[in-house]
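These notes concern the structure reproduced below.
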Amino acid sequence: MQSLALLGCTPPYYNLTHHRTKPPSPVVRFRLPPPVSAMATPALRPQVTHSMPPEKLEVFKSLENWATDCVLPLLKPVESCWQPQDFLPIPSLPSDDFTDQVRALRDRTAELPDDYFVVLVGDMITEDALPTYQTMINTLDGVRDETGASPNPWAMWTRAWTAEENRHGDLLRTYLYLSGRVDMLTIERTVQYLIGAGMDPGTENNPYLGFVYTSFQERATFVSHGNTARLAKEGGDPVLARICGSIASDEKRHENAYARIVEKLLEVDPTGAMVAISDMMRKKITMPAHLMYDGQDPRLFDHFSAVAQRLGVYTANDYADILEFLIGRWRLEKLEGLTGEGGRAQDFVCGLPPRIRKLQERADEQARKMEPHGVRFSWIFNKEVSL
């Protein structure tokens, strides 16, 4: 099966030339080679920092009141949020009753196939690397949390978004632990490796790029968790289906917030925002967990994403669907008032989905000619799963 870079990363065969306007005096550094523990990584590329022109900082300063009125309301009060315990066995029950609830959980998961658990574990690990994602957002110029408790609405959003996201990994990890179907030791090591490896999605400390990236990623996670919910329901575990569906609902709401920010940027700075969208799509949206490693498989990310592609949890067609959705939501085809550079960016982005689909068709044809093979995953006690 042709490998797909999961949760928003374009397939490895998708390699459009990256032409982008050089920002004024950015700081450019070359990334050090990754450690042996994190070799599942894209090719080395220049690491650009602080690419947003200083005068653009005023854009985000001017939007603070708008963010207070239009972004922060998309958060939910803590009292209204679901919590992991709402879906899990109740530990305060008498031992026999608690054991019965755990046994019922294990009975529900018993018939779910191993390849489903590979994808569910990969999703959980991605969620559990949350410290990396908050760190990345707090590198963005003009919207970072300068003190760790800043009253600035951009900082308030990031902290509260992180708090809502934190529930996802907690719930999935506990459910997987109680299921007995996975090797928690190797999973925990994978999480530690991943947080230590970090991520560089190419956002360059630039909030224009950062909010384009998060808009795409949040929709990708909405799609992925929605599909794991569907598979759990079909496999006979309605509780796990509700879990994955509840997480997907959060991701949808978060997607709405980030997409709303980009929508506003397109209104106040159409060329700057359009060029940023084009820039991120030329560089390809990389999965937050593309550096995942378990201490054994240097191609763990590729193998995990191939299983997700085969199960239909997240595919190259989903990538194209997400791009088409955002093009429609942001009304990019009808965007006016662009400079020549902005117009070229508009043409590139609006013409990209069919190009991706054609490349996928060729890859699918090549994949059909390949002999099927399997890979052992440490997460499920080194059982073999077909790719």
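Computation of the quantities below employed the complete heavy-atom set of this structure, encompassing side-chain atoms and omitting hydrogens, waters and symmetry-equivalent molecules.
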Quiz item: Distance from W157 atom CH2 to T162 atom OG1, nearest 0.5 Å?
Solution: 9.5 Å
Quiz prompt | Heavy-atom pair of closest approach, residues L338 and G343 | solution = CB-N, 3.9 Å
Quiz item: In Å, rounded to the nearest 0.5 Å, how long is the span from CD1 of I125 to CD of E188?
Solution: 10.0 Å
Practice problem: Give the intermediate values and the outcome of side-chain contact (heavy atoms from CB on, under 4.5 Å) for residues L231 and E234. | Solution: CA-CA 5 Å; L231 292 174; E234 292 172 358; 3.7 Å; yes
Quiz item: Is there a side-chain contact between Q47 and D200 (heavy atoms, below 4.5 Å)?
Solution: yes
Quiz prompt | Validation row, ring centre Y208 to ring centre F60 under 6.0 Å | solution = yes
Exercise. Would you please test V59 and L265 for side-chain contact (heavy atoms from CB on, under 4.5 Å) and show each step?
Key: CA-CA 8 Å; V59 171; L265 292 174; 3.9 Å; yes
Quiz item: Do the side chain of Q309 and the main chain of V313 share a donor and acceptor less than 3.5 angstrom apart?
Solution: no
Exercise. Considering only NZ, NE, NH1 and NH2 on the basic side and carboxylate oxygens on the acidic side, decide whether D250 and R167 come within less than 4.0 Å.
Key: yes
Quiz item: Charged N to carboxylate O under 4.0 angstrom, R331 versus E267?
Solution: no
Quiz prompt | Any R230 side-chain heavy atom under 4.5 Å of C244 side chain | solution = no
Quiz item: side-chain contact (heavy atoms from CB on, under 4.5 Å) between Y213 and M136: does it pass, once the steps are laid out?
Solution: CA-CA 11 Å; Y213 177 81; M136 187 278 287; 4.0 Å; yes
Practice problem: Look up atom OG1 in T132 and atom CG in L194, then write down how far apart they are to the nearest 0.5 Å. | Solution: 6.0 Å
Quiz item: What pair of heavy atoms forms the shortest contact from D318 to N227, and how long is it?
Solution: OD2-ND2, 4.5 Å
Quiz item: Can you tell me if S246 and R242 form a side-chain donor-acceptor pair at under 3.5 Å?
Solution: no
Quiz item: Salt bridge between E164 and R253, side-chain N to carboxylate O under 4.0 Å?
Solution: yes
Exercise. Give a yes or no on whether the backbone of G210 and the side-chain of T203 come within a donor-acceptor separation of less than 3.5 Å.
Key: no
Exercise. Evaluate side-chain hydrogen bond (donor to acceptor under 3.5 Å, both in side chains) for S224 paired with D123, printing each intermediate quantity in order.
Key: CA-CA 8 Å; S224 178; D123 283 356; 3.3 Å; yes
Quiz item: Taking the side chain from T315 and the backbone from G312, do they hold a donor-acceptor pair closer than 3.5 Å?
Solution: no
Quiz item: Taking atom OG of S179 and atom CZ of R106, what is their separation to the nearest 0.5 Å?
Solution: 7.0 Å
Quiz item: Is the number of heavy atoms from other residues, nucleotides or ligands within 6.0 Å of CD (Q192) greater than 12?
Solution: no
Quiz item: Just by distance, with hydrogens left out, do Y133 and N138 show a side-chain donor and acceptor under 3.5 Å apart?
Solution: no
Quiz item: Minimum heavy-atom separation for G202 to L209, with atom names?
Solution: O-CD1, 3.8 Å
Self-check item: Minimal non-hydrogen separation, T221 against E218, with atom names
Solution: OG1-O, 2.9 Å
Quiz item: Is a donor on one side and an acceptor on the other found under 3.5 Å between the side chain of H225 and the backbone of F222?
Solution: no
Quiz item: Between D145 and R159, is there a salt bridge with N-O shorter than 4.0 Å?
Solution: yes
Quiz item: Is a side-chain donor or acceptor of S150 paired with a backbone partner of E146 at a separation under 3.5 angstrom?
Solution: no
Self-check item: From NZ (K264) to OG (S62), nearest 0.5 Å
Solution: 8.5 Å
I'd like a table of donor-acceptor pairs (distance under 3.5 Å, sequence neighbours excluded) in which one partner is a side-chain atom from residues 64-82, with atom names and distances.
{"from": "E64", "atom 1": "OE2", "to": "N152", "atom 2": "ND2", "distance (Å)": "2.8"}
{"from": "T68", "atom 1": "OG1", "to": "E64", "atom 2": "O", "distance (Å)": "3.1"}

Quiz item: Quick check: does any side chain N or O of S249 sit under 3.5 Å from a backbone N or O of G245, one acting as donor and the other as acceptor?
Solution: no
Quiz item: Stepwise, does the side-chain hydrogen bond (donor to acceptor under 3.5 Å, both in side chains) test hold for D237 with Y175?
Solution: CA-CA 12 Å; D237 191 340; Y175 203 86; 2.9 Å; yes
Self-check item: E204/K283 ion pair, N-O < 4.0 Å
Solution: yes
Quiz item: With a 4.5 Å limit on heavy-atom distance, are the side chains of I285 and M280 in contact?
Solution: yes
Quiz item: In the single-linkage hydrophobic clustering (I, L, V, M, F, W, Y; side-chain heavy atoms under 4.5 Å), do M124 and F381 co-cluster?
Solution: no
Quiz item: With a 4.5 Å heavy-atom cut-off, do D183 and I380 have their side chains touching?
Solution: no
Self-check item: Positive for salt bridge (charged side-chain N to carboxylate O under 4.0 Å, His left out) with R181, one of D114, D115, D107
Solution: D114
Practice problem: Working to the nearest 0.5 Å, report the span between CD of E324 and CG of L352. | Solution: 10.0 Å
Quiz prompt | Side-chain heavy atoms of S305 within contact of M287, under 4.5 Å | solution = no
Exercise. Can you spot which of D86, L120, L171, T228 makes a side chain to side chain contact (heavy atoms under 4.5 Å, CB included) with I243?
Key: L171
Quiz item: Is the backbone N or O of L335 less than 3.5 Å from a side-chain atom of Q346, with the two atoms forming a donor-acceptor pair by type?
Solution: yes
Quiz item: Does a salt bridge link R357 with E361, judged by any charged N lying under 4.0 Å from a carboxylate O?
Solution: no
Exercise. Over all heavy atoms of both residues, which pair between T158 and I137 is shortest? Give the atoms and the distance, please.
Key: OG1-CG2, 3.4 Å
Practice problem: Tell me, please, which residues at least two apart from K252 pass salt bridge (charged side-chain N to carboxylate O under 4.0 Å, His left out). | Solution: E255
Quiz item: Between H254 and Q217, does any side-chain donor sit less than 3.5 Å from a side-chain acceptor?
Solution: no
Exercise. Please tell me if the side chains of L105 and P89 come closer than 4.5 Å, counting only heavy atoms from C-beta onward.
Key: yes
Practice problem: Report the C-alpha distance between R376 and D297 in whole Å, list the side-chain angles of each, state the deciding distance to 0.1 Å, and finish with yes or no for salt bridge (Lys or Arg N to Asp or Glu O under 4.0 Å). | Solution: CA-CA 9 Å; R376 296 186 182 278; D297 183 359; over 6 Å; no
Exercise. Show your working on side-chain contact (heavy atoms from CB on, under 4.5 Å) between L140 and W154 and close with a plain yes or no.
Key: CA-CA 10 Å; L140 301 178; W154 301 113; over 6 Å; no
Practice problem: Give a yes or no on whether the backbone of V119 and the side-chain of W379 come within a donor-acceptor separation of less than 3.5 Å. | Solution: no
Self-check item: Under 3.5 Å donor-acceptor, S215 side chain and Y258 backbone
Solution: yes
Practice problem: Specify the closest pair of heavy atoms between I90 and Q101, including all atoms of both residues, with the distance to one decimal. | Solution: N-OE1, 2.8 Å
Quiz item: Can a salt bridge be assigned to the pair R260 and E263 using a cut-off of 4.0 Å between side-chain N and carboxylate O?
Solution: no
Practice problem: Look at D100 together with R103 and state whether they make a salt bridge at an N to O cut-off of under 4.0 Å. | Solution: yes
Self-check item: From CA spacing to verdict: salt bridge (Lys or Arg N to Asp or Glu O under 4.0 Å), D294, R189
Solution: CA-CA 6 Å; D294 60 352; R189 285 173 178 159; over 6 Å; no
Practice problem: Would you check if the side chain of T271 reaches a backbone N or O of T339 as a donor-acceptor pair within less than 3.5 Å? | Solution: yes
Quiz item: Aromatic ring centroids of Y314 and Y319 under 6.0 Å?
Solution: no
